[in-house]
Novice: 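Okay, here's the structure, questions in a sec.
All heavy atoms count here, side chains included; hydrogens, waters and symmetry mates do not. Counting begins at 1 with the first residue of the sequence.
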Amino acid sequence: MYKNKKILALIPARGETKHIYKKNTKLFNDKPLFTWVLNSAIKSKLIDKVIISTEDREIIEIANTYGDYILKRPEELSKENISISQVIKYNIEELKKEGLEFDYILTLLPTQPLIETFHLDNSIREIIDNNYPSLIGVTKIENNFLRTLDTSLESFNTPLYKVNNSIFINPITDKEFNIYNNLKPFIIDCKYDGNIDTPVDWEICELRKLLILFNI
């Protein structure tokens with residue numbers, strides 16, 4: 001809880017994944033990929049509840065060794081054509097049935113294992129302290145081909161950012177939920193931007209995670 005606002009952290013993790021087979025349970029530096037962001041969320045003192053939303057038996061078995069964090073979702077909500085907003089809405093409604101209600105939901109993708117607890121806490125403080133409508137994690141782009149199309153001084157002095165799919169934080173209201181509504185940027189140092197989509201991403205991120213762990 002932060003300033004009397006209850007925070008839910010949601011980690012959506014499907015069993016079947018593209019590009020890398022069963023990516024979320026594949027060992028990343030000797031631990032299943034999804035457990036890295038799970039650990040970051042568990043360590044936060046501001047998050048009231050952490051939920052892993054999955055249909056996958058292997059993910060459930062692994063998660064149960066960490067504690068009671070599973071909220072099983074139906075197979076039909078784990079298909080490729082299902083939006084993240086639909087998954088979030090389902091989990092919010094299921095928790096309400098159990099009498100659990102929250103003010104904000106922090107959505108964390110397991111494909112971003114470089115994200116640390118301090119990022120989560122800082123994003124919570126930023127959205128509440130500034131009364132922002134929603135936040136999304138972004139990373140500054142140091143070099144971009146777009147700059148070569150506009151050589152004006154203003155272009156070179158204007159920072160560019162990209163969405164890094166690490167953190168989404170939204171208020172929970174009675175309105176129809178859409179994770180992409182009215183987003184404000186939450187800037188994360190490029191050192192911690194490691195979105196894994198391909199086998200090459202995986203190899204690079206494993207090395208970068210080791211550099212972070214050993215503070216190199």
Side-chain angles (χ1 to χ4, degrees), residues 2 7-14 17-20 23-26 28-29 31-47 49-54 59 63 69 83-85 87-88 91 104-130 132-142 144 159-172 177-198 200-213:
Y2 180 66
I7 314 297
L8 169 68
L10 175 68
I11 303 168
R14 295 191 301 124
T17 53
K18 294 191 303 181
H19 306 308
I20 301 174
K23 173 170 55 180
N24 290 324
T25 52
K26 180 178 168 69
F28 177 90
N29 285 339
K31 295 180 182 179
L33 178 64
F34 81 91
T35 64
W36 287 97
V37 70
L38 172 61
N39 275 318
S40 292
I42 291 171
K43 291 176 184 176
S44 170
K45 302 299 184 184
L46 305 184
I47 294 173
K49 189 171 183 62
V50 180
I51 287 294
I52 301 167
S53 175
T54 188
I59 292 176
Y69 298 110
S83 71
I84 186 68
S85 293
V87 174
I88 293 170
N91 285 278
Y104 288 88
I105 182 163
L106 177 63
T107 306
L108 307 167
L109 301 188
T111 51
Q112 270 280 10
L114 306 190
I115 291 300
E116 302 282 340
T117 302
F118 73 87
H119 294 116
L120 313 187
D121 290 346
N122 288 345
S123 71
I124 292 168
R125 294 187 184 99
E126 186 159 328
I127 192 170
I128 294 175
D129 288 347
N130 296 285
Y132 288 147
S134 297
L135 285 184
I136 187 170
V138 301
T139 303
K140 185 178 179 181
I141 300 173
E142 298 298 338
N144 189 279
L160 297 175
Y161 297 89
K162 70 179 182 72
V163 173
N164 59 32
N165 289 323
S166 58
I167 290 174
F168 300 83
I169 182 164
N170 307 80
I172 298 175
F177 188 87
N178 186 334
I179 195 172
Y180 298 108
N181 273 352
N182 302 314
L183 293 168
K184 294 284 186 181
F186 175 70
I187 301 172
I188 296 171
D189 191 290
C190 61
K191 173 182 177 180
Y192 300 96
D193 176 21
N195 190 39
I196 295 176
D197 186 46
T198 68
V200 173
D201 295 335
W202 187 284
E203 292 181 10
I204 293 172
C205 282
E206 276 197 310
L207 176 57
R208 292 177 63 194
K209 186 66 176 181
L210 288 175
L211 294 176
I212 291 170
L213 290 173

Novice: How far does CD1 of Ile51 sit from OG1 of Thr107, to the nearest 0.5 angstrom?
Specialist: 12.0 Å

Novice: Would a line drawn from the ring center of Phe34 to the ring center of Tyr69 be shorter than 6.0 Å?
Specialist: no

Novice: Under 4.5 Å between any side-chain heavy atoms of Asp193 and Ile188, yes or no?
Specialist: no

Novice: Going by side-chain hydrogen bond (donor to acceptor under 3.5 Å, both in side chains), name the residues that satisfy it together with Asn91, two or more places apart in sequence or in a different chain.
Specialist: Ser53

Novice: Do the side-chain N and O atoms of Asp129 and Tyr2 include a donor-acceptor pair separated by under 3.5 angstrom?
Specialist: yes

Novice: Less than 4.5 Å apart, side chain to side chain, heavy atoms only: is that true for Tyr192 and Asn164?
Specialist: no

Novice: Where do Ile141 and Lys162 come nearest, in terms of heavy atoms and distance?
Specialist: CD1-CB, 3.8 Å

Novice: Say you draw a straight line from CD1 of Ile88 to CZ of Phe168; how long is it, rounded to the nearest 0.5 Å?
Specialist: 8.0 Å

Novice: Tell me if a side-chain donor or acceptor on Asp189 pairs with a main-chain N or O of Lys191 at a distance below 3.5 Å.
Specialist: yes

Novice: Go through Trp202 and Leu33 one step at a time and tell me if the side chain to side chain contact (heavy atoms under 4.5 Å, CB included) criterion holds.
Specialist: CA-CA 10 Å; Trp202 187 284; Leu33 178 64; 3.8 Å; yes

Novice: What I'd like to find out is whether the side chain of Cys190 reaches to under 4.5 Å of the side chain of Lys140, using heavy atoms alone.
Specialist: no

Novice: CZ of Arg14 to CG of Asn24: how many Å apart, nearest 0.5 Å?
Specialist: 8.5 Å

Novice: Could you pull out the closest heavy-atom pair between Lys23 and Asp197, with the gap in Å?
Specialist: NZ-CA, 4.1 Å

Novice: Looking only at heavy atoms, which two atoms of Ile169 and Ser123 are closest? And how far apart?
Specialist: CD1-O, 4.3 Å

Novice: How long is the gap from CZ on Phe186 to CZ on Arg125, to the nearest 0.5 Å?
Specialist: 10.0 Å

Novice: From Leu183 CG over to Tyr132 OH, what is the distance, rounded to the nearest 0.5 angstrom?
Specialist: 13.0 Å

Novice: Working to the nearest 0.5 angstrom, can you tell me the gap between Leu108 CG and Gln112 CD?
Specialist: 10.0 Å

Novice: Just checking, any donor-acceptor pair under 3.5 angstrom between side chains of Ser134 and Asn170?
Specialist: yes

Novice: So do Ile196 and Phe28 actually touch side chain to side chain, heavy atoms under 4.5 Å?
Specialist: yes

Novice: Ile84 and Pro12: which non-hydrogen atoms are nearest, and at how many Å?
Specialist: CD1-CG, 3.4 Å

Novice: Would you mind reporting whether Ile127 and Ile7 have side-chain heavy atoms less than 4.5 Å apart?
Specialist: no

Novice: Given side chains that start at C-beta, do those of Thr17 and Lys26 come closer than 4.5 Å, heavy atoms only?
Specialist: no

Novice: Could you tell me which non-hydrogen atom of Leu135 sits nearest to which non-hydrogen atom of Pro185, and how far apart they are?
Specialist: CD2-O, 4.1 Å

Novice: Do you know the tightest heavy-atom contact between Tyr104 and Ile128?
Specialist: CE1-CG1, 3.7 Å

Novice: May I ask you to decide if Asp201's main-chain N or O and Thr198's side chain share a donor-acceptor pair within less than 3.5 Å?
Specialist: yes

Novice: I'd like to know if Glu116 and Lys209 make a salt bridge, using a cut-off of under 4.0 Å between side-chain N and carboxylate O.
Specialist: yes

Novice: Taking the side chain as every heavy atom from C-beta outward, state whether Ile124 and Leu106 have any pair of such atoms under 4.5 Å apart.
Specialist: yes

Novice: With a 4.5 Å cut-off on side-chain heavy atoms, are Leu109 and Val37 touching?
Specialist: no

Novice: Got a donor-acceptor contact below 3.5 angstrom from the Ser85 side chain to the Ile179 backbone?
Specialist: yes

Novice: Is the backbone N or O of Ala13 less than 3.5 Å from a side-chain atom of Thr54, with the two atoms forming a donor-acceptor pair by type?
Specialist: yes

